[in-house]
Number of protein chains: 2
Amino acid sequence: MGGTRTSGDRRSPGARGRIDKRQAILDAAFTVFAREGYAQAGVDVIAAEAGVAKATVYNHFRDKENLLREAVAASADQAMAENMAVVGRLSTEDGDLRARMEDVGLRLLRCYCDERSWALRRLLSGEINQFPDLLDIVHGHAVDRVTEALADRMARLTVAGALRARDPLVAAEQFVALLTGPAETRSRLGTREVPDAELRAVARAAVDTFLQAFGAETTDR
Amino acid sequence: MGGTRTSGDRRSPGARGRIDKRQAILDAAFTVFAREGYAQAGVDVIAAEAGVAKATVYNHFRDKENLLREAVAASADQAMAENMAVVGRLSTEDGDLRARMEDVGLRLLRCYCDERSWALRRLLSGEINQFPDLLDIVHGHAVDRVTEALADRMARLTVAGALRARDPLVAAEQFVALLTGPAETRSRLGTREVPDAELRAVARAAVDTFLQAFGAETTDR
DNA sequence: ATCAAACTAGACGCGTGGGTCTAGTTTGTC
DNA sequence: GACAAACTAGACCCACGCGTCTAGTTTGAT
């Protein structure tokens, strides 16, 4: 949570537990919370899934609420790292822009459609009324950062003459929307497994539309 | 649920309650479920919010699960009706297409950003693991129908020469995505009130991009 | 006026689950 | 080997909430 580090040294002052156990608990907590929802999830179940005694859970985390926050934060950090790695591939180097954008689009879609990614979004949506601060943890550190990184790349591409995005942030926002929107309906909120071929088609369609609007070359047809 | 009727005659065989009470319970149930989540929501609270005794709730609905399903179904029906009414405005008549699309886009955004609409989506996301059939109730009767109705309109517009949508379903899907995607980030999953001016800007940007890709007239700049 | 169905307020049984505690075991360190 | 911190299994307390039940009241139809 507190930066770009995946996890590890965030042991709160009082807790003195083994680190591997802590990680196992976080993983199990996320899994169970995502599967059953916060209220339905039992700490007993989380402990069992982590292969740990219930008391150990309370040794590492103050209470159930705190456990939820930390589990979500860890998962969001991981998801953001994957997304940022993909965006980094959209460099300003030469080569076929369309092909590179389709590649990036497809990889972003794979991140987006990952089971844990869906689970995170569903969990966030469901518990956001009870825990409004979850939104800051996830959005402030994940979604917005990715879109802005994408906007940076698009600004560079515009300066280089490969694109004409008057407002790079809007362009990035729309590119993401063209990917995630169709993916959302197609995967039925993450309950359906979307075959890779379909993801490729979505990415191609998104890039098509995007380049018609923001491409430098006047693509006829 | 069972058709296009808003509600009314769906009284299940055994239940014999007054209809207005039933509706009050459904409204209250949706409100409370959306606010606190299924597991946290208490039937006592729902009954109180509806101004009704708890026993009356169980007189109309078998149990808590059934109440959730019916409440979601009613809410989804209402939301779909509003959406369909908006889509119906995109007729094939003459006039400035861009202006008409911006109008429809804005109205769709207002539906999408409505508080009850957000509540429905959040509730659905959060409880979808526990109640997978909620997805069929909502998607089968709302989201897909709206997109398809929009696709129909776009096909008509293409035939009329006002648009060139090779695949109307993809075009409709992308138009919706260009609206809802930005709206989702802007409103932070429905927790932030988006001013109307911002919605207008989102609609304009969406129509800009959409027409660059699918417009018939070669809009230069 | 009469009767039955719907409704109300409130109590209650009962299962579930958060969080604590105890007693005993493992693990790392010096 | 000795010591302390971490861990385990399980019992335990207690609050909460679903669903039922009872006894009495309102409502609508004839």
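Within every chain, numbering begins at 1; the chains are lettered A, B, ... in the order of the sequence lines, protein sequences first and strands thereafter.
- A cation-pi arrangement is not found for A/R107 relative to A/Y112, the charged atom failing to lie both closer than 6.0 Å to the ring centre and inside a 45° cone about the ring normal.
- A/K64 contributes no side-chain N or O that forms a donor-acceptor pair with the base of C/dG19 under 3.5 Å.
- Looking at the side chain of B/D44, the nearest of the listed nucleotides C/dT8, D/dC18, C/dG18 is D/dC18.
- Among the nucleotides C/dC21, D/dC7, D/dG19, the one closest to any side-chain atom of B/D63 is D/dG19.
- In this entry the distance linking NE2 of B/H60 with C1' of D/dG19 reads 17 Å, nearest Å.
- If you look at A/F175 and A/F214, their ring centroids are not closer than 6.0 Å.
- Taking atom CG of B/N59 as the reference point, atom P of C/dA9 lies 14 Å away to the nearest angstrom.
- Electrostatic pairing of A/E115 and A/R122 counts as a salt bridge here, judged by a charged N lying under 4.0 Å from a carboxylate O.
- The side chain of B/V43 has D/dC18 as its nearest neighbour among C/dC7, D/dC18, D/dA9.
- Taking both residues in full, the closest heavy atoms of A/A177 and A/P182 are given as O-CD, 3.7 Å, listed atom of the first, atom of the second, then distance.
- Side chain A/K54 to base D/dG10: no donor-acceptor pair is found below 3.5 Å.
- When the C1' atom of D/dC18 is taken as reference, atom CD1 of B/I46 falls 11 Å away, rounded to whole Å.
- A/A41 comes within 4.0 angstrom of the backbone, heavy atoms only, and of no base.
- Regarding A/E36, its CD atom lies at a distance of 13 Å from the C1' atom of C/dT16, rounded to whole Å.
- Put simply, CZ on A/F61 is 11 Å from P on D/dC7, counting in whole angstrom units.
- Between A/K21 and D/dT8 there is a side-chain polar atom (N or O) within less than 4.0 angstrom of OP1 or OP2.
- Distance from the side chain of B/Y58 is smallest for D/dC18 among the nucleotides D/dT8, D/dC18, C/dA9.
- When rounded to the nearest whole Å, the span between CG of A/D20 and C1' of D/dC7 equals 12 Å.
- Going from atom CD of B/Q40 over to atom C1' of C/dT16 covers 13 Å, rounded to whole Å.
- Judged by the 6.0 Å and 45° rule, A/R69 forms no cation-pi pair with A/F61.
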